[in-house]
Amino acid sequence: MLAWLLQAMEEAAAQKQFLQLEPPLFLYHRGVYSNAASVWSQNPKALQAQTGRFDICAQLSENLCLLILNNQQWQDLCQHLAIDVSNTAKTLNQLCELLNNSNLEMPAQLQGLTCNTDNSTTAPFMLLFKPLRNLQLYDIQDLLPDS
């Protein structure tokens with residue numbers, strides 16, 4: 001099933017569709033700070049689209065190389081994987097679940113992927129394959145009220 005993901009990634013790589021992010025840059029995530037594939041954003045306000053117990057802020061500890069799937073590649077991938085394409089954050093979370101429940105190894109030279117559905121130069125959401133490889137925890141806030 002995830003062969004479609006590898007195919008989309010190979011096509012994007014052949015077209016040199018990469019985004020390089022460099023320190024010092026902060027990324028934000030709502031959930032658990034772990035090395036599992038997860039969705040991150042450069043915009044802390046984007047966390048509102050996420051679910052989870054913790055708001056996490058981490059700083060890049062080294063360069064991050066993301067593969068950018070263009071709108072057509074993204075649409076095709078979602079269709080083949082039978083996942084919802086209407087909400088990018090939700091779709092990336094579904095893709096994370098598929099990756100985390102598989103034995104698929106991602107190329108070591110890539111740290112994640114993003115999609116460019118509106119031809120912008122920024123990536124509102126990005127899927128990081130192994131976040132702890134490139135991120136250093138900066139802050140974590142528990143969203144549950146004190147007991």
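Counting from 1, the numbers follow the sequence of the chain as shown. Model, not experiment: these values are computed from the prediction.
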Asker: Of all the heavy-atom pairs spanning S34 and P131, show the shortest one and how long it is.
Answerer: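 Minimum heavy-atom separation between S34 and P131: O-CG, 3.7 Å.
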Asker: Is there a side-chain contact between N43 and Y28 (heavy atoms, below 4.5 Å)?
Answerer: no
Asker: Checking L6 against L104 for the side chain to side chain contact (heavy atoms under 4.5 Å, CB included) test, could you report, in this order, the C-alpha distance in whole Å, the side-chain angles of both residues, the deciding distance, and whether it holds?
Answerer: CA-CA 9 Å; L6 291 176; L104 187 64; 3.5 Å; yes
Asker: Would the distance check show the side chain of N35 and the main-chain N or O of L132 forming a donor-acceptor pair, the cut-off being under 3.5 Å?
Answerer: yes
Asker: Looking at CG of N100 and CZ of F129, how far apart are the two atoms once the value is rounded to the nearest 0.5 Å?
Answerer: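 Answer for the CG-CZ pair, N100 versus F129, is 11.0 Å.
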Asker: Looking at Q94 and D84, what are the two nearest heavy atoms and their distance?
Answerer: OE1-N, 3.4 Å
Asker: Do the side chains of L92 and T114 get nearer than 4.5 Å, heavy atoms only?
Answerer: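 They are not in side-chain contact.
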Asker: Using a 4.5 Å cut-off on heavy atoms from C-beta on, say whether the side chain of R30 contacts that of T51.
Answerer: no
Asker: CD1 of I140 to NE2 of H29: how many Å apart, nearest 0.5 Å?
Answerer: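 So the gap between those two atoms works out to 9.0 Å.
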Asker: Contact between D142 and R53 at the side-chain level, heavy atoms closer than 4.5 Å - yes or no?
Answerer: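 Yes, side chains in contact.
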Asker: Please report the closest heavy-atom contact between S61 and P23, naming both atoms and the distance.
Answerer: C-CG, 4.2 Å
Asker: Apply side chain to side chain contact (heavy atoms under 4.5 Å, CB included) to residues C115 and N71 and explain how you reach the verdict.
Answerer: CA-CA 7 Å; C115 60; N71 192 38; over 6 Å; no
Asker: Step by step, would you call M126 with L113 a side chain to side chain contact (heavy atoms under 4.5 Å, CB included)?
Answerer: CA-CA 6 Å; M126 58 198 79; L113 64 87; over 6 Å; no
Asker: Mind listing the closest non-hydrogen atom pair of T91 and S86 along with its distance?
Answerer: OG1-N, 4.4 Å
Asker: Do L64 and N134 have side chains that approach each other closer than 4.5 Å (heavy atoms only, starting at C-beta)?
Answerer: yes
Asker: What I'd like to find out is whether the side chain of L128 reaches to under 4.5 Å of the side chain of L27, using heavy atoms alone.
Answerer: yes
Asker: Are L19 and F26 connected into the same hydrophobic cluster when the rule is that any two of I, L, V, M, F, W, Y join if their side-chain heavy atoms are below 4.5 Å apart?
Answerer: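 Result: no, two separate clusters.
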Asker: Are L2 and M9 linked, directly or through other ILVMFWY residues, by side chains that come within less than 4.5 angstrom of each other?
Answerer: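 Linked, L2 and M9 end up in one cluster.
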Asker: Do L98 and L81 have side-chain heavy atoms sitting under 4.5 Å apart?
Answerer: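 A side-chain contact exists here, since the closest heavy-atom pair is under 4.5 Å.
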Asker: Apply side-chain hydrogen bond (donor to acceptor under 3.5 Å, both in side chains) to the pair Q50 and N93, showing each step before the final yes or no.
Answerer: CA-CA 9 Å; Q50 302 288 330; N93 276 312; 3.0 Å; yes
Asker: Flag yes if more than 12 heavy atoms outside E62 fall under 6.0 Å of its CD atom; otherwise flag no.
Answerer: yes
Asker: Is W40 linked to L137 within one hydrophobic cluster, defined over Ile, Leu, Val, Met, Phe, Trp and Tyr using a side-chain heavy-atom separation of less than 4.5 Å?
Answerer: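 Linked within one cluster.
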Asker: Do F54 and Y33 make the cut of ring centroids closer than 6.0 angstrom?
Answerer: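 No, the ring centres sit 6.0 Å or more apart.
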Asker: Would you give the length of the straight line joining atom CG of L5 to atom CG of L99, rounded to the nearest 0.5 angstrom?
Answerer: 6.0 Å
Asker: Which distance, rounded to the nearest 0.5 Å, do you find between the CG of L135 and the CD of Q59?
Answerer: 9.5 Å
Asker: Apply the test side-chain hydrogen bond (donor to acceptor under 3.5 Å, both in side chains) to residues Q73 and Q17: give CA-CA distance (whole Å), side-chain angles for both, the deciding distance (0.1 Å), then the verdict.
Answerer: CA-CA 11 Å; Q73 291 163 332; Q17 296 170 203; 2.8 Å; yes
Asker: Evaluate side chain to side chain contact (heavy atoms under 4.5 Å, CB included) for F18 paired with L110, printing each intermediate quantity in order.
Answerer: CA-CA 9 Å; F18 298 104; L110 293 173; 3.7 Å; yes
Asker: Taking C-beta and beyond as the side chain, do V39 and C96 meet within less than 4.5 Å on heavy atoms?
Answerer: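 They are in contact (side-chain heavy atoms under 4.5 Å apart), so the answer is yes.
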Asker: How about OH on Y138, more than 12 heavy atoms from neighbouring residues, nucleotides or ligands closer than 6.0 Å, or not?
Answerer: no
Asker: Quick check: closest heavy atoms across Q111 and C65, and the distance to 0.1 Å?
Answerer: OE1-N, 2.6 Å
Asker: To the nearest 0.5 Å, tell me how far N70 CG sits from Q15 CD.
Answerer: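 Rounded to the nearest 0.5 Å, the CG-CD separation comes out at 6.5 Å.
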Asker: Quick one: pull up NZ in K16 and CG in L67 and give me the separation to the nearest 0.5 Å.
Answerer: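 Here the interatomic distance stands at 12.0 Å.
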